[in-house]
Structure formats: C-alpha cells, structure tokens
Amino acid sequence: MPPLLDVRSIMPRVGGWTPQVKYIMDSNQQVTKPLFGYRKFWAQRFGPAPFLPMSRAEMEVLGWDSCDVVLVTGDAYIDHPSFGMALIGRLLEAQGFRVGIICQPDWNSATDFRKLGKPNLFFGVTAGNMDSMVNRYTSDRKIRSDDAYTPNAEPNRRPDRAVTVYAQRCREAFPGSNVVIGSIEASLRRIAHYDYWSDKVRRSVLPDSKADLLVFGNAERAVVELAHRLAKGEKISDIRDLRGTAFMVPSGWLPSDEWEAMDSTSVDTPGPLVKHADPYAMENGPNSPSTATGTNPPGQHAVRIVSRAERLATRKDRRAHTVVRLPSYEQVSNDPVLYAHASRTFHLESNPGNARALVQAHGERDVWLNPPPIPLTTEELDKVYELPYARRPHPAYGEAKIPAWEMIRFSVNIMRGCFGGCTFCSITEHEGRIIQSRSEDSVIREIEEMRDKTPGFTGIVSDLGGPTANMYHLKCKDEKIESACRRLSCVYPDICENLGTDHAPLISLYRKARSLKGVKKVLIGSGLRYDLAVRSPEYIKELVTHHVGGYLKIAPEHTEEGPLSKMMKPGMGAYDRFKQLFDRFSREAGKEQYLIPYFIAAHPGTQDEDMLNLALWLKKNNFRLDQVQTFLPTPMALATTMYHTEKNPL
C-alpha cells in the first residue's frame, strides 16, 4: 500500500478548524484525500434511511423532494455490502447525499427510469454484480433458466448489455442529466474488447452507452469525490483527473502541455518473441554475437538496452504525465497481433503504484483511461463495511426468495483483490492485485451484528472470505518493490520471494470468530489458494480441524502443464502436497472429509491428449464428474485474448 503522509499543513481550514486526518500519497507524489475526509453534504440532516428508497412514496416518508443520486441496477436491491449498489448507495449516504435506487427496470421504455425524478447530481448505472451476458447465457450461448439475483430466480429480468441499455434510457428519461456507468460490466468493457456472444471485437462501452463517465474497479474513491465536486458546481465534462475513471475526448487531446503521449509499441514490441544474441557466449559459438543473425523479422527493431540510471532519471518525472496510446479500435478489430499486444500492454499498466494513463482511438474520438484507483486502507475498508446496512432484501420483495441473498446471508467479506493473476478470471482486472483487508475487530463486529440482527441465524457462519479464502492481510514485504512491480501474478510461475505468506492473522481471526458466543461453527466457502496454504501447515490444520463441513472445494483447474501454463496456475505437485496435509489433519481430528477439485474444459492451450490425461487422473483418484465447467471467454481477460487471437500475450 502507498505510505500515509500527514499533510495537515496543506489542508484548507474549515471554520477555523483543521480536520485531524491523514492524506494518502501515491507513487507519483499526488495526494489522495481519505474516503471519509470530506465535509458532508447538507442533506446529511435527513439521516440514514432504513432502506434506500425505491419509490416516490418512500422518498416522501423520508422528507425528500428529490434524490441527489439515482442508482440503476440489474439486480434486486439487497441492502448488504456484498451487493455493489447497496455498498455505493450507503457510502454516498454517509457523505450526506440522498440516494435512490431503481432495480431491474422495464427497459422497453423510459417510464421506470423517471419514477424517482431527475437526480440532482447523476445517474449511477450498473448491470449488477455480474456482467449481464455472463448472467444470462451459458458457455454454449444458451439462455440460462434462472437468475440468482432476481426474486424467485426469475429469468429475463435484465436486457443484454444492460449497462448500455440502462444508460441510454436514463438519457432518454431526463435529457441533460449526468450519466455515470460502473461495476463489473462497465469495468471489463472499458476498452475495445472481444465479445464472445457476438463473436467480434466490440467498442468500449463508453461510446455505445453515451455515458459521461465510466468508473472502473473498486470505485469508492472516484464516486465519492465525483459527487462532492458535482455538488460544488463543477461540470462533469471538466472532471478529468479522477483515478479509476474513463471518458471520451477529442482525438489527440492531452490534459495540459506537461503531458506527452507515447506509442504502446515503445512499451512492448508486438509480434513474435525474438531471441537475442547471448553477450556471454563464447566467440564463434552458436549463440555468440558474431554468429547471431543480424536481422530481425519484418516490422521488428533492434532493442537498445537502457541503463538503470537512465530509467530512474526519467521515470519518476515523466510517468505521472505520460499517456500510453494503445492500437485503435479499428486496428485491434482487424489484426490479432495488435489485439494481443494491446491486451498485454493494458495488463502491464495495471499496478496503481506505477500505471500510466492509457488512450485508445475509436474513430474520430479517443477513450481515455486514467490510472487505477488507490486501494483503500484497512481503516477505510472497515468503515465502508460497517455502514448502517439493513442486511436483508428490500421489503417490497415480500417473501420472495433471492438465491444470491440466500447464499451470502450468513457470510462475511473480509478482504478484496487477488494477486493470483489467473488468466481466465476477471477479479484482478476489476478489483486489482493489491489485497485490501479489513481489521480483525471489524470482522468480529459484523459477525456479532449478523448473529443479533439477521433473521434465521442458527449459529453457522457460512463463509469468511472474499475473492480467495486465504489472502487475508498478505502483501508484498516492501512497499517500494510493490509500487514498482509489473508482474501479472505474485504466485506464478512460483510464489514471489517478496510476497509475505504469513497466515497468522487469518488463523487468529478464525479462532476468535468460532469462539464468539452464539457461533457454533465457521465454515470457509471461498476459493482456497492451496499453493499458498502449504506454506502454513498450521493454517491447514486450523482449517481442516474446525472449518470444513465434510467437503472442501478447491480449484486445480487442470492436471496438465500445457493448459496450466496458459492459465498461470500451479502444477499438480502443490495439489498433492495440500492433499497430504488435508488427509493427515483430517485423520488427526477424527473426521472423514473430502477434497472436491474443480476443473475447466476447453481452456486455450488444451489439447485432446490433455483432456484424456485429465480423465485418467479423475479415474485413478476415484472422482465421478457431477458438473463440467467449460471455459467462458469474458471481456478483457488474458485467456479471452488467447481464445480470440490464438496468440499468447504472456
């Protein structure tokens, strides 16, 4: 995480008092205001609502004449921090804004989009917790028969490409209103991307949706600052400096004369890898400079080795005012090599500690992407998760069952982000690879609140986790190394020597959670990184002895090196070591417990022989398949690039 810097001396004084807060300084020496360091908007006088209003009648009960922000989502409204619109809505409410929410509107007209009136600041639009195309279609492009985020799992309650449709309807309902798109669908479609369902490269969602601004990743910082700046009278078209945002600009636009653009081919040369001469080889040897070919393939250029001193002298000064120009939408649509190159460059510019702005031409205009957001501190994350959520669905749904709510009803999110970098997964592209963890005390308080306030709690906590089960408080050992690192994974091809793998904080959390009064058992349902777990046998013993309900799901994804190398997943040796410890500690605890491995079929790089060997492994280990997970190319994932281009961007 970037260091905290006390800069009270440069803060404006309000009413003769200087707030005692610490600002966050990023790697470019730019100060980032704390998430809860803003002076609250005047509407804070209304106080928190029992639920964010979904109707005019609810607004009148609260005494509101209008909403400052109206959130539009493809999911049912469940007032719980596991659901993005509830989290963003409560966060904006805590800043003093009046927030209404429109859930699963009828998109065939603008009528439903008018029911809360025109927002004073902006519409916030999302498809929901899932990409609408992934939500509605299987890997075979067949429509799913149910929707876990809808009352009674009713299907077809959201349109295809919901962000685009909703944004256009908002604009139709109230021309001139500000429209901001975000969450996972917008986040993963922020540049030109291969779309599996139409089998073509599609434009960024920005020009299609006609939105004013796109917020990507975990958007708390950008959304809060945006709301306060709009409330002070700034025009959304003038707000161009928020990290974690993207927007359309005229071709060739730069923020100021200090900025310069560089072509992405100067960052990473597209095309096949070129084996350079070995400068340490014996003269006249097969790899010696004198016998190496003096020419490069067409379009390739000789590489000049830049000294470390040269790099350091220019990097700090220029990075903050440099934008990397990716190949245009038209180019990546027609050239697989340039698509793969753009994907590789995009992922190399993903670390908030060193990422530069990116720009990509779409016709006569450009899509501009600012660097990713600065991750939240533990204190900020605690406050976000401890806002006054009702922790249940809106009463308007009555007795209807919402499967997604039933699944997470008694679970607690303890962290976000993932440094695994699995190429088929979109978590890293969306949440980032820097782990943001809550404090132990905050998690314990949420368990106690769930125990005391959530109807139906029987003493079983169904999960303590997040994107992974066991990355809680794991981070790079050196902040300077972390901010400079450009690796796509901290655990592939092997666990980085700079990564801290101490599971002690997680073990302590498990023990405190299961010792709480009224808690009978704490289960772990999130995905487990077993290659990390084997570094801590004490953690595996704690997990197996107290937190497994007979079966533990883990995800080797495949048994063969070919697919695994394209997935950036460890080999089966790590699985075998974990299974040995799992079986040993299960025996010592006197329990009969089983591992349930997950595998992916048809991932890029998979041959018929690989699938045959996987089948033989399953038979050898007495596994009988219940379900098959087929690879699904999701927007912007590296594996999707492999699928579309038949090139390996790694």
Side-chain angles (χ1 to χ4, degrees), residues 127 131 133 161 163-164 167 180-198 200-217 219 222 240 242-253 261-265 267-268 270 322-352 355-373 423 426 428-432 488 633-645 647 649:
D131 182 282
M133 302 303 287
R161 314 188 201 288
V163 164
T164 297
V180 180
I181 58 176
S183 198
I184 193 160
E185 179 169 315
S187 187
L188 298 186
R189 297 173 184 268
R190 58 190 186 262
I191 61 171
H193 56 280
Y194 172 73
D195 182 82
Y196 172 68
W197 299 271
S198 58
K200 67 179 184 180
V201 177
R202 292 182 67 93
R203 301 192 300 177
S204 162
V205 70
L206 267 168
D208 288 342
S209 67
K210 307 295 192 294
D212 295 290
L213 198 69
L214 183 155
V215 291
F216 59 84
R240 293 292 182 254
L242 289 181
R243 294 185 69 119
T245 63
F247 41 85
M248 300 295 294
V249 294
S251 180
W253 177 88
M262 64 184 300
D263 193 271
S264 60
T265 57
V267 176
D268 190 82
T322 298
V323 60
V324 178
R325 179 167 288 278
L326 300 174
S328 69
Y329 158 68
E330 291 78 12
Q331 288 177 303
V332 300
S333 297
N334 298 316
D335 190 333
V337 171
L338 288 180
Y339 185 102
H341 162 71
S343 175
R344 177 179 171 89
T345 305
F346 174 88
H347 285 85
L348 288 173
E349 298 292 337
S350 62
N351 182 349
R356 289 166 287 199
L358 300 173
V359 67
Q360 184 178 52
H362 283 60
E364 296 181 355
R365 294 196 298 165
D366 290 344
V367 172
W368 181 288
L369 282 73
N370 281 328
T423 60
S426 300
T428 302
E429 282 93 339
H430 183 58
E431 295 193 3
L488 300 180
T634 54
M636 231 161 60
L638 283 165
T640 301
T641 299
M642 299 178 197
Y643 175 88
H644 168 58
T645 66
K647 311 293 180 185

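Quick caveat: nothing in here was measured; it's all calculated off a predicted structure.
- Residues T265 and H341 bring no donor and acceptor atom of their side chains to less than 3.5 Å of each other.
- Atom NE2 in H430 sits 10.0 Å away from atom CE in M636 (nearest 0.5 Å).
- Of all heavy-atom pairs spanning S187 and F216, the tightest one is OG-CB, 3.4 Å.
- S343 and L638 make their closest contact through OG-CD2, 3.6 Å (heavy atoms, listed as atom of the first residue, atom of the second, distance).
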| Can you list the steps and then say if S204 with H362 is a side chain to side chain contact (heavy atoms under 4.5 Å, CB included)? | CA-CA 8 Å; S204 162; H362 283 60; 3.6 Å; yes
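- With rounding to the nearest 0.5 Å, the separation of NE2 in H644 from CG in D195 is 11.0 Å.
- You'll find the side chain of E349 stays beyond 4.5 Å of the side chain of L369, heavy atoms only.
- R325 CZ to D263 CG: the interatomic distance, rounded to the nearest 0.5 Å, is 8.5 Å.
- For the pair E364 (side chain) and P250 (backbone), a donor-acceptor distance under 3.5 Å is absent.
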| Stepwise side chain to side chain contact (heavy atoms under 4.5 Å, CB included) check, R240 with V249 | CA-CA 10 Å; R240 293 292 182 254; V249 294; 4.3 Å; yes
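- Below 30°, between 30° and 60°, or above 60°: for Y643 and Y194 the angle between ring planes is between 30° and 60°, a tilted geometry.
- Counting all heavy atoms, side chain and backbone alike, G182 lies closest to V163 at O-CG2, 4.5 Å.
- Across every non-hydrogen atom of Y329 and A192, the tightest pair is CD1-CB, 3.8 Å.
- Remark: L338 CG to L326 CG distance equals 10.5 Å, nearest 0.5 Å.
- Within 6.0 Å of the CZ atom in R365, the count of heavy atoms belonging to other residues, nucleotides or ligands does not exceed 12.
- Using a 4.5 Å heavy-atom threshold, the side chains of V323 and W368 count as touching.
- In terms of heavy atoms, E429 sits closest to R190 at O-NH2, 3.7 Å.
- With rounding to the nearest 0.5 Å, the separation of CE in M133 from CG in L188 is 14.0 Å.
- Proximity of D366 to W253: side-chain heavy atoms (C-beta onward) are nowhere separated by under 4.5 Å.
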Let's go through R189 and T164 carefully: what are the C-alpha distance in whole Å and the side-chain angles of both, what is the deciding distance for side chain to side chain contact (heavy atoms under 4.5 Å, CB included) to 0.1 Å, and is it a yes or a no? CA-CA 11 Å; R189 297 173 184 268; T164 297; over 6 Å; no
Evaluation steps, side chain to side chain contact (heavy atoms under 4.5 Å, CB included), between D208 and R161
CA-CA 10 Å; D208 288 342; R161 314 188 201 288; over 6 Å; no
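- Summarising the geometry, atom CG belonging to N351 is positioned 10.5 Å from atom CG belonging to L488; distances are rounded to the nearest 0.5 Å.
- Looking at heavy atoms from C-beta onward, D335 lies out of side-chain contact with P327 at the 4.5 angstrom threshold.
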So T345 and S264, side chain to side chain donor-acceptor pair (under 3.5 Å) or not? Walk me through it. CA-CA 7 Å; T345 305; S264 60; 4.7 Å; no
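- The closest donor-acceptor contact from the side chain of Q360 to the backbone of V367 lies at 3.5 Å or more, if one exists at all.
- Of all heavy-atom pairs spanning N370 and R243, the tightest one is CB-CA, 4.2 Å.
- Using a 4.5 Å cut-off on side-chain heavy atoms (C-beta onward), L358 and I191 make no contact.
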